[in-house]
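Down below is the structure, laid out as structure tokens.
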Amino acid sequence: MSKQLPMLLLMAFLGGCKEKQTENFNYEFSGHQLCALKTSEMSAANKFGLLDSSFKYKENVFDEKLSIDIYKESLKKLSNKQSKYIFCIDTSSIKEGTLETQIRLEIKKGKYLRQYEFINYSCLSTHNSMLNLSKNEMIQICSF
């Protein structure tokens, strides 16, 4: 047991250096693309760590292909200070209905590595999309 104590203390110390926050991010349309805007935390960051994203449609269906495509684009755009977007998606590749997007990202600030989970809820349709909703609003509005 005494040999495990230093390892447990090290793990507790390293675990204490990470903070986790959950925040919203916003989408906007740019031409025929739906673009995710960088948050102030992303724009101010010097370094990024772990990146993961997921797109969930109505009935909890995940879009694996879209998640992979977005991951690749996000890697490029996050470190580009000139870009105001995390990624953009051609609207023809998005299904109508509810869209729940989650982006998990580690951002280094000073000596600390902060884990963020950025979330967006939107209701997409060819005629009247509603972006940047709360989860309850998305459920109520997207009942088409």
Side-chain angles (χ1 to χ4, degrees), residues 4 6-144:
Q4 293 178 341
M7 182 58 100
L8 290 173
L9 290 172
L10 178 62
M11 289 174 60
F13 172 75
L14 291 176
C17 292
K18 282 189 179 181
E19 298 176 23
K20 185 173 181 182
Q21 291 184 257
T22 302
E23 296 184 15
N24 294 327
F25 75 93
N26 289 323
Y27 277 120
E28 73 177 15
F29 286 106
S30 177
H32 293 286
Q33 294 191 316
L34 178 65
C35 297
L37 291 160
K38 284 183 182 177
T39 66
S40 58
E41 291 85 2
M42 292 175 194
S43 297
N46 291 327
K47 290 191 177 187
F48 299 99
L50 171 77
L51 168 66
D52 184 32
S53 60
S54 64
F55 298 85
K56 186 167 57 171
Y57 292 110
K58 201 177 217 177
E59 292 131 19
N60 293 325
V61 175
F62 286 91
D63 192 328
E64 192 77 27
K65 183 187 178 320
L66 185 58
S67 295
I68 291 168
D69 293 343
I70 294 309
Y71 175 81
K72 292 175 185 175
E73 185 178 352
S74 297
L75 285 176
K76 294 176 192 172
K77 289 195 173 186
L78 276 171
S79 57
N80 179 354
K81 294 280 188 188
Q82 304 304 316
S83 175
K84 72 177 191 173
Y85 299 122
I86 309 165
F87 59 82
C88 292
I89 312 165
D90 191 292
T91 54
S92 65
S93 67
I94 305 171
K95 297 176 186 173
E96 284 192 14
T98 63
L99 176 63
E100 178 182 332
T101 309
Q102 296 178 359
I103 301 169
R104 287 164 294 285
L105 180 64
E106 290 181 345
I107 298 176
K108 186 170 184 183
K109 289 191 174 185
K111 296 179 184 179
Y112 296 97
L113 190 61
R114 292 193 174 124
Q115 292 180 336
Y116 287 87
E117 182 174 36
F118 298 100
I119 300 175
N120 183 282
Y121 302 101
S122 293
C123 185
L124 305 175
S125 79
T126 53
H127 302 295
N128 190 25
S129 293
M130 302 282 288
L131 304 178
N132 313 320
L133 304 169
S134 71
K135 187 171 187 172
N136 287 338
E137 288 173 324
M138 178 189 71
I139 291 168
Q140 291 173 354
I141 294 171
C142 297
S143 58
F144 51 80

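Summarising the geometry of Ser54 relative to Arg104, their closest heavy-atom pair is OG-NH2, 3.8 Å, with the distance given to 0.1 Å. For the residue pair Leu113 and Glu106, the shortest heavy atom distance occurs at CD2-OE1, 3.4 Å. Of all the heavy atoms in Lys38 and Ser43, the pair that sits closest is CB-OG, 3.7 Å. Taking every heavy atom of both residues into account, Ser93 and Tyr57 meet most closely at O-OH, 4.2 Å. The two residues Phe55 and Ser67 have their closest heavy-atom pair at CD1-OG, 3.4 Å.
Taking CG of Leu133 as the reference point, atom CE of Met138 lies at 8.0 Å (rounded to 0.5 Å). In this structure, CG in Asp90 is found 11.5 Å from CG in Asp69, a value given to the nearest 0.5 Å. The CD1 atom of Ile103 sits 9.0 Å away from atom OG1 of Thr39, with the distance rounded to the nearest 0.5 Å. With rounding to the nearest 0.5 angstrom, the CG atom of Leu66 is 8.0 Å from the OG atom of Ser53. Rounding to the nearest 0.5 angstrom, the gap separating the CG atom in Asn120 from the CG atom in Leu99 is 7.0 Å. Taking OG from Ser79 and CE from Met42, the interatomic distance works out to 13.0 Å, rounded to the nearest 0.5 Å.
When atom types are taken as modelled, the side chain of Glu96 and the backbone of Thr126 share a donor-acceptor pair closer than 3.5 angstrom. Using modelled atom types, no side-chain atom of Lys77 and backbone atom of Cys88 make a donor-acceptor pair closer than 3.5 Å. When atom types are taken as modelled, the side chain of Lys108 and the backbone of Arg114 share no donor-acceptor pair closer than 3.5 angstrom. Looking at Ser74, its side chain never comes within 3.5 Å of a backbone N or O of Phe87 through a donor-acceptor pair. Distance alone, capped at 3.5 Å, is enough to place a donor-acceptor pair between the Ser122 side chain and the Asn132 backbone.
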* In sequence, state the C-alpha distance, the side-chain angles, and the governing distance for Leu51 and Tyr71, and then conclude on side-chain contact (heavy atoms from CB on, under 4.5 Å). => CA-CA 8 Å; Leu51 168 66; Tyr71 175 81; 3.9 Å; yes
* Take Glu41 and Gln21 through the test side-chain contact (heavy atoms from CB on, under 4.5 Å) and record every step on the way to the result. => CA-CA 11 Å; Glu41 291 85 2; Gln21 291 184 257; 5.8 Å; no
* Dump the intermediate steps for side-chain contact (heavy atoms from CB on, under 4.5 Å) on Tyr27 and Ser129, then the final yes or no. => CA-CA 11 Å; Tyr27 277 120; Ser129 293; over 6 Å; no
* To do: For side-chain contact (heavy atoms from CB on, under 4.5 Å), just list the numbers for Phe118 and Thr101, CA-CA rounded to whole Å, side-chain angles, deciding distance to a tenth of an Å, and then say yes or no.
  => CA-CA 8 Å; Phe118 298 100; Thr101 309; over 6 Å; no
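You'll find the side chain of Phe25 stays beyond 4.5 Å of the side chain of Ile119, heavy atoms only. In this structure the side chain of Phe29 reaches within 4.5 angstrom of the side chain of Leu34, judged on heavy atoms. Between Ile139 and Tyr121 there is no side-chain heavy-atom pair separated by less than 4.5 Å.
By the 6.0 Å contact criterion, NZ on Lys135 is open, its count of non-hydrogen atoms from other residues, nucleotides or ligands being 12 or less.
No side-chain N or O of Ser134 forms a donor-acceptor pair with one of Asn136 less than 3.5 Å apart. For the residue pair Glu100/Gln102, the side-chain donor-acceptor check at 3.5 Å is satisfied.
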